[in-house]
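These notes concern the structure reproduced below.
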Amino acid sequence: MRYDKKMRYWLMKSEPDVFGIEHLKKRPRQTEPWDGVRNYQARNFIRAMRVGDRAFLYHSNCVQPGIAGVMEIVKSAYPDATQFDPASPYFDPRSDPQNPRWQRVDVRFVRDLKRLISLRELKNYPELRDLPLVQRGTRLSVMPLTERQWKFILSIE
DNA sequence: GCCAACGTTGGC
DNA sequence: GCCAACGTTGGC
């Protein structure tokens with residue numbers, strides 16, 4: 001995938017039963033570390049995030065897959081502690097503490113979308129054809145959006 | 001629950 | 001470095 005250094009918009013997937021927009025909203029200061037990214041391509045996008053970037057929160061693996069809300073990146077990448085915790089489902093025994101393999105960012109709740117924009121609907125727009133989310137077989141859990149894609153999605157909200 | 005698609009692992 | 005086997009993701 002092409003990646004442009006100026007990219008400032010993201011989409012991050014989470015299972016709402018595990019951690020959804022409702023959880024984020026209830027966190028202290030409405031912030032949360034975005035843990036558990038264990039895919040190199042997604043990890044590289046995590047590393048590229050900067051404070052102030054915006055991200056859609058996407059609900060995956062649920063009854064109504066779709067974009068639920070808007071978040072802000074409030075802390076750039078730092079080591080994901082769960083990789084060193086044997087009790088964590090995200091434990092990675094291969095990760096070297098001297099050179100941590102996985103990072104996380106901190107996100108903050110910005111707002112709900114006025115309505116959940118379903119994956120089914122997103123697939124219908126030619127404007128979003130290049131978005132990995134809607135492409136067959138793509139499982140990437142963190143992905144960049146162009147400014148055009150970001151604004152388009154907000155325009156159909 | 002099924003299963004297609006994809007990423008990772010590890011023998012060779 | 002190849003590639004078969006296996007594990008995971010995530011829509012349906």
Side-chain angles (χ1 to χ4, degrees), chain A residues 1-5 7 9-27 32-49 53-71 73 77-107 109-146 149-150 152-157:
Chain A
M1 180 188 307
R2 303 259 318 276
Y3 163 65
D4 176 350
K5 276 214 157 28
M7 201 78 74
Y9 302 98
W10 309 93
L11 182 143
M12 304 166 86
K13 295 183 186 175
S14 185
E15 302 188 18
D17 296 343
V18 180
F19 188 84
I21 194 86
E22 296 306 318
H23 297 91
L24 182 58
K25 216 183 289 188
K26 289 176 189 155
R27 288 293 192 264
E32 180 77 358
W34 198 268
D35 282 328
V37 172
R38 294 294 181 270
N39 166 281
Y40 287 104
Q41 197 177 3
R43 192 272 316 265
N44 292 342
F45 289 133
I46 289 281
R47 285 179 170 167
M49 290 176 175
D53 284 2
R54 293 290 160 126
F56 285 128
L57 174 50
Y58 174 88
H59 285 170
S60 68
N61 201 17
C62 57
V63 175
Q64 267 266 8
I67 298 174
V70 177
M71 308 186 291
I73 308 304
Y78 63 104
D80 179 348
T82 62
Q83 70 196 302
F84 303 121
D85 176 7
S88 169
Y90 304 124
F91 178 57
D92 182 356
R94 294 160 168 267
S95 185
D96 173 7
Q98 301 308 315
N99 184 22
R101 186 178 291 195
W102 308 111
Q103 279 79 42
R104 63 189 180 192
V105 293
D106 289 353
V107 299
F109 173 79
V110 174
R111 66 177 181 87
D112 291 306
L113 289 197
K114 295 172 195 154
R115 64 185 184 94
L116 184 128
I117 304 179
S118 71
L119 177 62
R120 176 187 246 283
E121 177 181 348
L122 292 168
K123 283 179 170 172
N124 290 331
Y125 298 111
E127 290 87 344
L128 301 177
R129 202 173 30 207
D130 296 332
L131 188 62
L133 183 73
V134 303
Q135 288 167 0
R136 176 184 170 82
T138 303
R139 300 177 311 184
L140 193 59
S141 64
V142 177
M143 69 187 74
L145 280 79
T146 64
Q149 289 165 338
W150 178 269
F152 176 77
I153 291 170
L154 291 179
S155 78
I156 59 171
E157 185 181 358

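Just so we're clear, the structure is a prediction, and the values are computed from it rather than from any experiment. Lettering of chains follows the sequences in order, A, B, ..., and the numbering in each one begins at 1.
Between the CG atom of A/Leu133 and the P atom of C/dG11 there is a distance of 8 Å, given to the nearest Å. Rounded to a whole Å, the NE2 atom of A/His59 is 19 Å from the C1' atom of C/dC12. Distance A/Glu121 CD to C/dG11 P: 15 Å, rounded to the nearest Å.
Mapped onto DNA chain B by nearest heavy atom, A/Asn61 and A/Asn39 fall at different nucleotides, with A/Asn61 at the one closer to the 5' end.
The CG atom of A/Leu145 lies 5.0 Å from the CD1 atom of A/Ile153; values are rounded to the nearest 0.5 Å.
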Dump the pairs, protein N or O against N or O of nucleotides 1-9 of chain C, anything under 3.5 Å, distances to one decimal.
from: C/dT8; atom 1: O2; to: A/Arg139; atom 2: NH1; distance (Å): 2.7

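Counting heavy atoms from C-beta outward, A/His59 and A/Gln64 have side chains that stay 4.5 Å or more apart.
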> Can you list the steps and then say if A/Trp150 with A/Arg54 is a side chain to side chain contact (heavy atoms under 4.5 Å, CB included)?
Replying inline: CA-CA 9 Å; A/Trp150 178 269; A/Arg54 293 290 160 126; 3.5 Å; yes
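Residues A/Asp106 and A/Trp34 bring no donor and acceptor atom of their side chains to less than 3.5 Å of each other.
Among the protein residues, A/Arg38 comes within range of no part of the nucleic acid, since none of its heavy atoms lies under 4.0 Å from any strand.
The residue from A/Asp92, A/Asp80, A/Asp35 that alone fulfils the side-chain hydrogen bond (donor to acceptor under 3.5 Å, both in side chains) condition with A/Trp102 is A/Asp92.
In this structure, A/Tyr125 has its ring center closer than 6.0 angstrom to the ring center of A/Phe152.
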